[in-house]
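In what follows, a structure is listed as structure tokens, so that the remarks can point back to it.
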Amino acid sequence: MADKPRVKAPKQRSTPKAVDPTRNRRLLLYGLAGTAAVVAVLVLAALSLAGGDPGESDVRAALTEAGCTFKRAPALPGDHSIADPGATAADWNTDPPTSGPHFGTATIFGIYEEPLEMARVVHNLEHGGIFILWGDKVPKATVDELRAFYGDHTTGTVMAPLPSLGNQFALGAWNSDGEGGFGYLSKCKTYDEDAVSKFFRAFQFQGPERFQPEQLQPGL
């Protein structure tokens with residue numbers, strides 16, 4: 001008698017998995033987080049390529065390429081030992097001065113048509129300001145370019161003539177995070193917006209007696 005074919009038992013159906021109602025939401029959040037991370041990396045890379053705030057070496061290179069001089073001098077103690085605002089200090093180590101003894105009251109931030117008392121201007125630098133000073137032989141076209149730049153950088157900036165500079169204009173700042181620090185001075189015969197902008201971005205609002213930008217508005 002022939003064997004009967006064996007009948008296979010029917011397969012048991014597995015119980016379907018319960019649908020997680022939060023799964024899609026979690027996947028979406030993971031996707032958004034990943035996208036945000038990629039964007040952050042791209043932004044950092046772009047800032048790195050763009051340079052962000054330039055370092056001292058970047059400023060020096062830009063100014064040198066523009067035909068300017070660049071000097072970094074050790075900052076002198078910022079005491080208020082000059083009693084006459086029209087007087088000078090024997091130990092100022094840049095000309096015009098960018099650190100050291102000064103008058104007890106700063107000049108008002110703004111643009112001027114007459115020379116300023118430098119013992120006051122040094123006090124402005126101590127608060128984080130920058131000066132733009134031009135000599136009496138600087139062409140009017142260059143002065144006009146500096147005026148236009150000042151118009152976009154009025155906060156924390158003093159601009160005035162200084163006849164002794166002759167055919168040059170000067171940028172000055174005083175940087176310190178406590179003790180020590182440096183005075184920075186650049187002198188130029190021609191205007192280069194990129195170089196001047198880098199000087200401002202690197203050195204403004206970094207004074208030893210640091211004020212907030214809103215405290216350095218024109219008229220203050």
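The figures that follow rest on heavy atoms only: side chains count, while hydrogens, waters and symmetry mates do not.
- The line from CD1 of Ile111 to OG1 of Thr157 is 10.0 Å long, rounded to the nearest 0.5 Å.
- To the nearest 0.5 Å, the span separating NZ on Lys137 from NZ on Lys189 amounts to 12.5 Å.
- Distance CZ/Phe131 to CG/Asn124: 10.5 Å, rounded to 0.5 Å.
- The distance from atom CE of Met118 to atom OG of Ser164, rounded to the nearest 0.5 Å, is 9.0 Å.
- Relative to the ring axis of Phe182, Arg72 places its NZ or CZ within 45° and under 6.0 Å from the centre.
- The shortest non-hydrogen separation linking Tyr112 to Pro161 is O-CD, 3.4 Å.
- Within the 4.5 Å cutoff, the side chain of Phe205 has heavy atoms near those of the Thr155 side chain.
- The shortest heavy-atom contact between Pro97 and Val122 is CG-CG2, 3.6 Å.
- For an aromatic pair to be called close, the ring centres must be under 6.0 Å apart, and Phe200 with Phe149 satisfies this.
- No donor-acceptor contact under 3.5 angstrom links the side chains of Ser176 and Glu209, judged on distance only.
- A continuous path of hydrophobic side-chain contacts links Val196 to Val59 [ILVMFWY only; heavy atoms under 4.5 Å].
- Salt bridge Arg147/Glu113: present, at least one basic N to carboxylate O contact under 4.0 Å.
- Counting heavy atoms from C-beta on, the side chains of Gln215 and His127 never come closer than 4.5 Å.
- Within the 4.5 Å cutoff, no side-chain heavy atoms of Leu185 are placed close to those of Phe70.
- The CE atom of Met159 sits 13.5 Å away from atom CD1 of Ile130, with the distance rounded to the nearest 0.5 Å.
- Counting heavy atoms from C-beta outward, Trp92 and Pro101 have side chains that approach closer than 4.5 Å.
- Atom CD of Glu193 is surrounded by 12 or fewer heavy atoms from other residues, nucleotides or ligands within 6.0 Å.
- Residue Glu65 qualifies as open at atom CD: its count of foreign heavy atoms under 6.0 Å is 12 or below.
- In this structure, Val143 and Phe169 have side chains that are not in contact, with every pair of non-hydrogen atoms separated by 4.5 Å or more.
- The shortest distance between side-chain heavy atoms of Thr94 and Lys71 falls below 4.5 Å.
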